[in-house]
Every structure is written in structure tokens, then in C-alpha cells.
Amino acid sequence: MNWSNTDHPHATPKHRPQFWRALPKIDLHRHLEGSLRLESLLEIAQTFNLDVPADNLETLRPYVQVTTDPANHIAFLSKFEVLRHFYRTPEIIRRLVYEAVSDAAADNVRYLELRFSPQALARVRNFPLEDVTDWVIAAANQSADDHNIQIGLIVTLVRHDPLPQARKVAEVAFARAGAGIVGLDLAGDEVRFPPEPFTPIFKEAKQVGLGVTIHAGEWASAKGVRQAIEDLYAMRIGHGIRVIENSQVLRLVLERNVPFEVCLTSNLQTGVVHSMNHHPLVDMLDLGLKVTLNTDDPAVSNITLTDEYGVAVNKLGLRYETLRRLTLNAAETAFLPPKPRSELMAKFEEWLPAPDIV
Ligand code: ADE
Ligand code: ZN
């Protein structure tokens with residue numbers, strides 16, 4: 001992130017990167033598989049002699065991180081296909097999870113909802129889905145305890161994976177509702193895989209008390225946002241930025257006060273927006289939508305949440321008071337029961353300096 005235009009001697013403290021890094025933050029939309037340390041991936045590739053160029057970090061980087069790729073969702077999703085080959089042993093999975101949570105904490109994310117695809121982690125070695133899920137839960141909780149961060153885990157179903165498997169994965173999540181898993185998500189290729197086949201699964205997710213978040217209105221049209229809300233029981237929308245293209249869907253989300261998990265750099269890298277100056281976040285705020293700011297895939301995108309605050313400030317002109325509001329929005333829409341959610345909101349109200357004193 002280039003902070004240079006605000007790092008001059010007369011910049012007020014709120015304009016310095018250290019200020020944003022130190023600020024307690026919330027990330028509601030972060031994929032485990034997009035949050036893996038490059039150094040660890042290199043070590044795994046070398047140890048297991050994986051079929052990727054792993055002489056050093058730079059030879060490996062373009063296979064697992066966006067570098068000079070074309071800005072489209074196919075190139076972006078291709079990184080996750082490569083990453084599936086790294087999940088070789090239970091110890092590796094636990095280590096990658098532990099590090100992902102600890103890296104969030106190091107960026108002063110104090111509440112993290114981390115989503116993961118058991119089937120992605122299980123695929124190459126044919127691990128039982130139940131076991132993989134329990135390894136993730138245990139390692140994430142251990143890391144959260146060790147690093148002063150509160151976490152919730154969301155299971156992600158991938159649209160372009162085989163449907164019968166999605167049902168099995170969902171069953172594993174249902175069995176852990178309120179006992180390690182807080183929500184269910186639908187991700188993957190929104191363009192070629194519409195959501196209809198997943199409707200019964202998400203209905204059940206709601207019935208068993210899981211939070212529901214759906215990637216929609218990201219790579220396909222705003223209508224996906226309406227489908228997510230009306231047919232899939234979405235309580236939050238992953239991305240959803242194309243909602244501004246459709247006034248009827250806009251009316252719906254305003255009426256229901258639906259929260260949006262916006263991820264700026266991801267949108268640029270997948271070609272949803274062609275330049276950051278054209279990102280609709282400011283329009284969404286002006287329209288009165290409930291917005292939160294998140295990373296999506298920090299390692300694939302080579303960013304931190306602090307970097308994304310930097311983009312919001314330097315490229316989109318957001319001010320501290322707005323970012324404070326987005327963080328409080330995130331606390332308010334966290335997948336937590338009412339009491340812990342109120343406690344989370346109270347903590348962040350206390351931690352985030354009042355706008356007039358910053
Ligand atoms: N998986 C990882 N990142 C994703 C995104 N931005 N959209 C859909 N699926 C994803
Ligand atoms: Zn995502």
C-alpha cells in the first residue's frame with residue numbers, strides 16, 4: 001500500500017498507517033484458503049515435492065497470489081485450485097489455520113469470522129470432512145486463545161464443487177452449529193453456477209440457527225442479491241456491490257437493512273471494478289446501505305485489513321468517522337447470539353476513539 005501522500009510531517013495521527021494498524025478492527029469476510037502464509041506454502045511445497053516451482057518465494061508467488069494476472073474471477077479462483085494441493089497432513093492444516101488467525105491478530109483484528117471449505121481442505125488426501133472441520137475448529141480456537149482475538153468460523157460451500165458433496169459438508173456444519181461453527185456461506189463461480197440447487201441447504205442452515213452469508217452481486221448481476229435474500233435466507237451479502245445497478249434490489253436491501261461485506265482490493269483483482277476510483281463503496285454509503293469493510297483473501301491478494309483501510313482513506317476519501325461506523329456495523333451484524341453481540345458492540349464503542357477527538 002502506498003501511504004506516501006499522507007505520511008508527510010503535517011499529517012494528523014489518523015492519517016498515519018500506524019494509527020490504522022493499531023486500531024481494533026473486525027473482519028467478517030476472510031477465507032482461510034486465501035489467508036495462508038507464503039513462507040509456509042513454500043516450506044510445504046519443498047517438503048512434499050509438490051508440482052509447483054518452489055525454488056523460492058518469488059517462483060512460487062504467482063501460483064498462489066495475484067501478481068500480473070488478468071483481472072477476472074477465473075484467474076483469481078485458479079489460485080485456490082493450486083492451494084488445494086498443499087493440504088497434505090492434519091498437522092499442516094492445523095498449522096495453516098493457527099497462522100491465519102495469528103496473522104489477523106497481528107493486524108489488530110480483534111473479531112474475525114474466518115470461513116473455510118472443508119471439502120477444499122479434504123480433497124487431495126481424502127480426509128474425512130468431519131475430521132478436517134474439527135482440526136480447523138481446534139486450531140483456530142487455540143490460536144484465538146493465544147493471540148487475543150475473538151473468532152467465529154463459517155463453513156463455505158463452493159458453487160462449482162459437486163453438489164452432493166455440498167450437502168455432506170452442510171451436514172457437518174449443521175452438526176456443529178453453535179458448537180464451533182457460526183455460519184454457512186456460498187462462494188465460488190457465481191457466473192456459471194447459479195444458486196438454485198443450494199436453496200434447501202440454506203433453508204436448513206437457517207432452521208438450525210446458523211448465520212447465512214452468500215457471495216452475490218459480485219461477479220454476476222444484482223439479481224443474485226435478491227435471490228440470496230429471498231431464496232437462500234441470506235442475513236449478510238458477500239460483496240454485493242453490483243446491487244447499485246438495480247433500483248428494485250436496492251429498495252429491498254434498504255427496506256431490510258441488509259449488511260454488505262465489501263472487499264475493495266479483491267473487487268479490483270477480479271475485475272468487478274476497473275479502477276479503485278470507480279469502486280461503488282462511497283455510493284453505497286451515500287445510499288444509506290449498511291456496509292462493512294473486509295479483506296476476502298489477504299494472502300492471495302497480498303494485503304492486510306490495514307491496507308484496505310488505507311485504500312478506503314487514500315483512494316476513496318473515507319474519513320475516520322466512516323471507518324469507525326463500518327467497524328460498528330460489523331459488530332452489529334456479527335454471527336453471534338444477542339448478548340455476546342451486544343458485548344462486542346460495547347467493546348468496540350469503547351476501543352474506537354470518538355470521531356471528534358481523533
Ligand atoms: N472464494 C474466495 N474468494 C472468493 C470470492 N471473492 N468470490 C467467490 N468465491 C471466492
Ligand atoms: Zn469471499
Side-chain angles (χ1 to χ4, degrees), residues 20-32 34-35 100-101 103-105 107-115 140 144 148-154 156 182-185 210-216 218 234-241 243 253 256-267 279 281-282 284-285 287-298 303-313 316 318-355:
W20 301 109
R21 188 163 306 283
L23 208 62
K25 290 177 280 293
I26 295 182
D27 197 334
L28 297 180
H29 189 131
R30 182 177 297 211
H31 297 259
L32 166 67
S35 308
V101 173
D103 289 348
D107 194 33
N108 270 308
V109 174
R110 299 275 180 89
Y111 178 79
L112 170 68
E113 286 184 6
L114 187 65
R115 55 191 74 196
N148 185 30
I149 177 172
Q150 187 180 345
I151 57 154
L153 292 170
I154 296 173
T156 289
V182 300
L184 195 67
D185 166 41
L210 286 173
V212 173
T213 176
I214 304 286
H215 284 71
E218 178 192 17
M235 299 164 193
R236 301 194 312 236
I237 300 293
H239 302 277
I241 63 172
V243 72
V253 299
R256 306 229 185 147
N257 203 19
V258 177
F260 288 83
E261 304 159 356
V262 171
C263 310
L264 296 171
T265 297
S266 164
N267 293 156
H279 196 286
L281 171 60
V282 175
M284 292 172 80
L285 291 167
L287 286 162
L289 299 187
K290 190 180 274 284
V291 174
T292 65
L293 187 61
N294 311 276
T295 51
D296 210 11
D297 298 290
I303 53 153
T304 62
L305 187 53
T306 298
D307 291 335
E308 297 301 85
Y309 275 50
V311 173
V313 170
L316 300 178
L318 263 58
R319 298 160 63 94
Y320 168 72
E321 46 266 50
T322 307
L323 286 164
R324 181 177 184 276
R325 167 53 39 210
L326 300 193
T327 309
L328 296 175
N329 286 347
E332 198 184 328
T333 54
F335 287 154
L336 285 171
K339 188 158 177 284
R341 192 191 304 133
S342 303
E343 287 164 2
L344 185 71
M345 288 164 67
K347 272 193 232 169
F348 272 87
E349 294 264 8
E350 187 194 317
W351 287 337
L352 298 176

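- Between Gln150 and Leu336 there is a side-chain heavy-atom pair separated by less than 4.5 Å.
- Between Leu344 and Ala334, the shortest heavy-atom contact is CD2-CB, 4.0 Å.
- Nearest heavy-atom pair, Arg341 versus Glu332, reported as atom, atom and distance to 0.1 Å: CD-O, 3.0 Å.
- The minimum heavy-atom distance between Glu261 and Gly238, with the atom names listed, is OE1-CA, 3.3 Å.
- Contact detail for Trp20 and Tyr309: the closest heavy-atom pair is CE3-CD2, 3.5 Å.
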(request) Please step through side-chain contact (heavy atoms from CB on, under 4.5 Å) for the pair Leu28 and Tyr111, ending with a clear verdict. (result) CA-CA 8 Å; Leu28 297 180; Tyr111 178 79; 3.9 Å; yes

(request) With side-chain contact (heavy atoms from CB on, under 4.5 Å) as the test, would you mind laying out the steps for Arg110 and Asn148 before giving the verdict? (result) CA-CA 7 Å; Arg110 299 275 180 89; Asn148 185 30; 4.2 Å; yes

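- The structure places CG of Leu32 at 10.0 Å from CG of Asp297, a figure rounded to the nearest 0.5 Å.
- Between the side chains of His29 and Asp185, no donor N or O sits under 3.5 Å from an acceptor N or O.
- Salt bridge annotation for Arg21-Asp107: present, with a cationic side-chain nitrogen under 4.0 angstrom from a carboxylate oxygen.
- Remark: of the listed residues Val313, Leu352, Leu23, Val313 is the sole one forming a side-chain contact (heavy atoms from CB on, under 4.5 Å) with Leu323.
- Under the side chain to side chain contact (heavy atoms under 4.5 Å, CB included) criterion, Pro355 pairs with Glu321, Arg324, not counting sequence neighbours.
- Residues Leu318 and Leu285 form a side-chain contact, since some pair of their non-hydrogen atoms from C-beta on lies under 4.5 Å apart.
- Evaluated for a side-chain contact (heavy atoms from CB on, under 4.5 Å) with Cys263, the options Leu293, Asp296, Thr295, Thr292 yield exactly one hit, Asp296.
- Here the closest heavy-atom approach between residue Ser35 and residue Ala100 is recorded as O-CB, 3.6 Å.
- With rounding to the nearest 0.5 Å, the separation of CZ in Phe335 from CD1 in Ile154 is 5.5 Å.
- Of all the heavy atoms in Val109 and Asp27, the pair that sits closest is CG1-N, 3.9 Å.
- A salt bridge does not link Lys347 with Glu343: none of the charged nitrogens is closer than 4.0 Å to a carboxylate oxygen.
- Atom OG in Ser266 sits 10.5 Å away from atom CG in Asn294 (nearest 0.5 Å).
- Remark: Ala140 engages Val97, Val101, Ile151, Leu153 in a side chain to side chain contact (heavy atoms under 4.5 Å, CB included) (not counting sequence neighbours).
- For the salt bridge (Lys or Arg N to Asp or Glu O under 4.0 Å) test, residues two or more places apart in sequence or in another chain that qualify with Glu113 are Arg236.
- Annotation: side chain of Thr265 is not in contact with side chain of Asp307 (no heavy-atom distance under 4.5 Å).
- Rounded to the nearest 0.5 Å, atoms CD1 (Ile241) and CG (Leu289) are 12.0 Å apart.
- Side chain of Arg256 to main chain of Met235: no donor-acceptor pair is present (N/O by atom type, distance under 3.5 Å, no hydrogens or angles).
- Leu326 contributes atom CG, which lies 13.5 Å from atom NZ of Lys25 (distance to the nearest 0.5 angstrom).
- Interatomic distance, CD1 of Ile26 versus OG1 of Thr333, reported as 8.0 Å (0.5 Å rounding).
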